[in-house]
Amino acid sequence: MTEGKNNRNFITEIIDDHNENGRFQGKVHTRFPPEPNGYLHIGHAKSICLNFGIAEQYGGLCNLRFDDTNPAKEEQEYIDAITEDLRWLGYDWGERLYFASDYFDELYEMAVELIRIGRAYVDELNTDEIREYRGTLTEPGRESPYRHRSIEENLALFEKMRAGGFKEGEAVLRAKIDMTHGNINMRDPVMYRILDAAHPRTGDKWKIYPMYDFAHGQSDSIEGITHSICTLEYEDHRPLYDWYLDNIEIFHPQQIEFARLNLSHTVLSKRKLIRLVREGQVRGWDDPRMPTISGLRRRGYTPEAIREFCEDIGVGKVKGVVALHKLEYHLRQHLNKTADRVMAVINPLKVVIENYPDDRVEKMEAVNNPEDETAGTRSVPFSKVLYIERDDFMEEPPRKFFRLAPGREVRLRYAYFITCTDVIKDATGEIVELRCRYDPATRGGSAPDGRRVKSTLHWVSAPHAIQAEARLYDSLFTVEHPDSDRDRDFTDFINPDSLRVVDPIYVEPHLRNAQAGDRFQFERLAYFVVDQDSTAEKLVFNRTVTLRDQWRKAQKKARRAPRKRRRKSAKPR
RNA sequence: AGGGAAGUAGCUCAAUCGGCAGAGCAGGCGCCUUUGGAGCGCAAGGUUAAAGGUUCGAGUCCUUUCUUCCCUGCCA
């Protein structure tokens with residue numbers, strides 16, 4: 001799907017420059033470097049598509065590298081989940097699966113080298129003191145009293161750190177740069193700290209762990225990464241990235257920063273996603289309302305839709321918020337081409353065809369996917385008693401309501417024209433059944449006399465329908481920017497109706513053998529995916545995204561319009 | 001004594017290193033239709049943050065200003 005792609009953006013411009021001036025001999029090698037401390041979300045997808053996409057576009061390679069330099073936060077569970085999500089998205093890193101922890105020995109040697117050339121020292125200030133000595137955004141910092149120890153002493157002390165001679169917090173290794181630098185990252189940044197935690201991969205071999213800044217650039221360098229693409233908040237780190245590489249004198253990749261994705265109607269910060277899970281606002285990381293890759297997958301999103309979305313939004317340095325409907329647009333776009341159609345009734349209204357023989361059952365041929373001839377057809381049973389959607393009938397239809405009403409004729413999809421002859425209500429006045437008559441000449445859905453109907457309804461045969469559970473999802477938040485309100489917590493904006501369970505719904509028998517992960521369009525309603533909670537006895541469907549609904553839109557507009565008119569007429573003439 | 005970055009249509013991005021400011025999505029209006037889906041078409045949408053300068057010509061180069069965002073973890 002990405003073949004022949006030729007995206008142009010500020011990053012390809014930089015790469016083109018490099019290719020012209022020969023900086024990397026025309027080579028392009030990128031990497032996707034997640035920290036295994038949480039689940040991947042749609043924001044990561046942008047970075048993934050970017051890194052793998054750029055490599056592909058230039059005939060280069062993209063590595064997967066776990067940035068596992070902080071064992072206090074990282075777990076194998078996340079490594080597994082991230083790997084699975086990447087595979088599902090359709091990316092392949094070949095044999096190039098790496099871990100920053102693979103380089104701990106080399107990194108240690110590099111640190112020793114910096115000590116040897118007098119550019120690093122062991123500091124025994126405590127955390128608070130280091131912060132105090134660092135200065136502020138507008139005031140310069142002060143040098144640590146330990147800054148001018150001899151090289152020999154630093155070497156010995158660093159070895160002591162490695163050997164476990166210090167406790168957590170008692171000593172750090174720092175780069176000797178400039179305590180008065182305007183960029184705070186350059187005020188003698190910490191290179192190594194002591195962490196008393198077992199590492200998922202290196203176990204308890206190490207007592208000291210490199211900081212991100214000391215690990216990332218060198219890891220890039222070791223792997224021969226040419227273009228190290230990261231998000232905007234690392235702009236301030238680039239001088240340090242460059243400093244380490246220049247002072248260690250190793251291969252020097254180019255760090256490039258882009259604006260991370262923000263999506264409306266959701267939150268994408270790890271901290272907030274964790275809260276949603278911990279506070280029970282959702283059922284877990286893969287809850288279909290979550291913006292995580294696993295959540296989107298369970299919701300019924302396709303990898304293709306996510307990738308198309310990432311292509312579409314492009315890449316720049318402007319922080320913005322992409323509208324959720326853009327993601328949904330690409331989802332519908334792909335599902336429309338690939339999802340088989342099926343008929344299902346979510347809110348049933350019983351219909352009895354008075355002039356249809358009691359015991360008769362007909363097999364109606366239905367097209368599985370009008371967008372894809374190879375999807376073929378199926379047969380749908382039709383009988384005297386049916387369910388239609390309650391919303392498809394109105395006893396007193398307003399203007400522009402084209403569906404069924406007393407005395408009105410409509411088409412039942414793939415079946416007959418029917419006309420409503422009677423409305424049956426219960427004691428409370430609620431409509432419980434419709435009596436209709438069908439025209440036998442209209443079998444298949446068209447009238448020999450050429451008469452037309454304004455609408456086509458979906459339906460299921462009551463005696464043949466399968467009962468299933470539907471989970472109707474809506475957006476998790478009621479506002480566009482749940483986390484941009486300074487006075488209110490983002491959880492205040494959680495949509496109380498983000499999940500509505502309807503049980504039972506009635507689906508056509510064709511669905512009997514549907515498997516978890518199968519996607520369908522319930523005609524005229526929405527796309528659905530079979531959830532993993534389904535059992536042999538009962539199917540569970542997650543509503544992925546609704547179809548665009550002109551009638552609902554028209555209703556909304558109609559509700560707005562009178563107000564407008566009133567306002568106008570209130571004006572003095 | 002602060003450093004870094006970004007401002008082009010409602011949103012996301014373009015504009016071939018100075019040459020008629022364009023696209024997708026959203027919104028509007030039509031056409032078509034055995035899904036009120038899909039599809040197709042039309043119109044609308046802009047003082048390129050602002051001011052000044054250079055130039056035959058500036059979104060693009062220079063100067064100043066304004067606005068927004070990021071940075072004071074032994075997180076990444």
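Order of the sequence lines sets the chain letters (A, B, ...), proteins ahead of strands, with each chain counted from 1. Only a predicted model underlies this, so the values are computations on that prediction, with no experimental measurement involved.
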- Looking only at B:A38, B:G36, B:C13, the nucleotide nearest the A:Lys46 side chain is B:C13

- Query: Over how many whole Å does the gap from A:Leu457 atom CG to B:U33 atom P extend?
  - Reply: 19 Å

- Item | Residue-phosphate contact under 4.0 Å: A:Gln333 side-chain N/O, B:G39 OP1/OP2 | yes

- Message: Tell me if the side-chain of A:Gln521 makes a donor-acceptor pair with the base of B:U35, cut-off 3.5 Å, by modelled atom types.
- Response: yes

- Message: Considering every strand and a 4.0 Å limit on heavy-atom distances, what is the contact class for A:Glu523: base, sugar-phosphate, or nothing?
- Response: base

- Message: When you measure only distances, ignoring hydrogens and angles, does the side chain of A:Arg187 come within 3.5 Å of the base of B:U72 through a donor and an acceptor?
- Response: no

- Side-chain heavy atoms of A:Arg413 within contact of A:Met343, under 4.5 Å: yes

- Query: When the C1' atoms of B:C70 and B:C62 are considered, how many whole Å apart are they?
  - Reply: 27 Å

- Taking only N and O in the side chain of A:Arg134, is any of them less than 4.0 Å away from OP1 or OP2 of B:G73? yes

- Task: Establish, with yes or no, whether the OP1 or OP2 oxygen of B:C75 is under 4.0 angstrom from a side-chain nitrogen or oxygen of A:Arg193.
- Result: yes

- Task: Would you indicate whether the side-chain heavy atoms of A:Arg174 and A:Met191 approach each other to under 4.5 Å?
- Result: no

- Message: Are A:His334 and A:Tyr301 packed together at the side-chain level, in the sense that at least one heavy-atom pair is separated by less than 4.5 angstrom?
- Response: no

- Task: May I ask you to check whether over 12 heavy atoms, not counting those of A:Arg408, lie within 6.0 Å of atom CZ?
- Result: yes

- Query: Which glycosidic conformation, syn or anti, is assigned to B:G73 if syn requires a torsion within 90° of zero?
  - Reply: syn

- Message: Nearest whole Å is fine: how far is B:C71 C1' from A:His237 NE2?
- Response: 7 Å

- Report yes if a donor N or O on one partner sits less than 3.5 Å from an acceptor N or O on the other, where the partners are the side chain of A:Asn183 and the base of B:G4; otherwise report no. no

- Can you tell me if CD on A:Gln76 sees more than 12 non-hydrogen neighbours from other groups inside 6.0 Å? yes

- Message: Less than 4.0 angstrom between a side-chain N/O of A:Arg524 and OP1 or OP2 of B:G36, yes or no?
- Response: yes

- P atom, B:U33 versus B:G27: distance in rounded Å? 24 Å

- When rounded to the nearest Å, what value does the distance between P atoms of B:U64 and B:G4 take? 14 Å

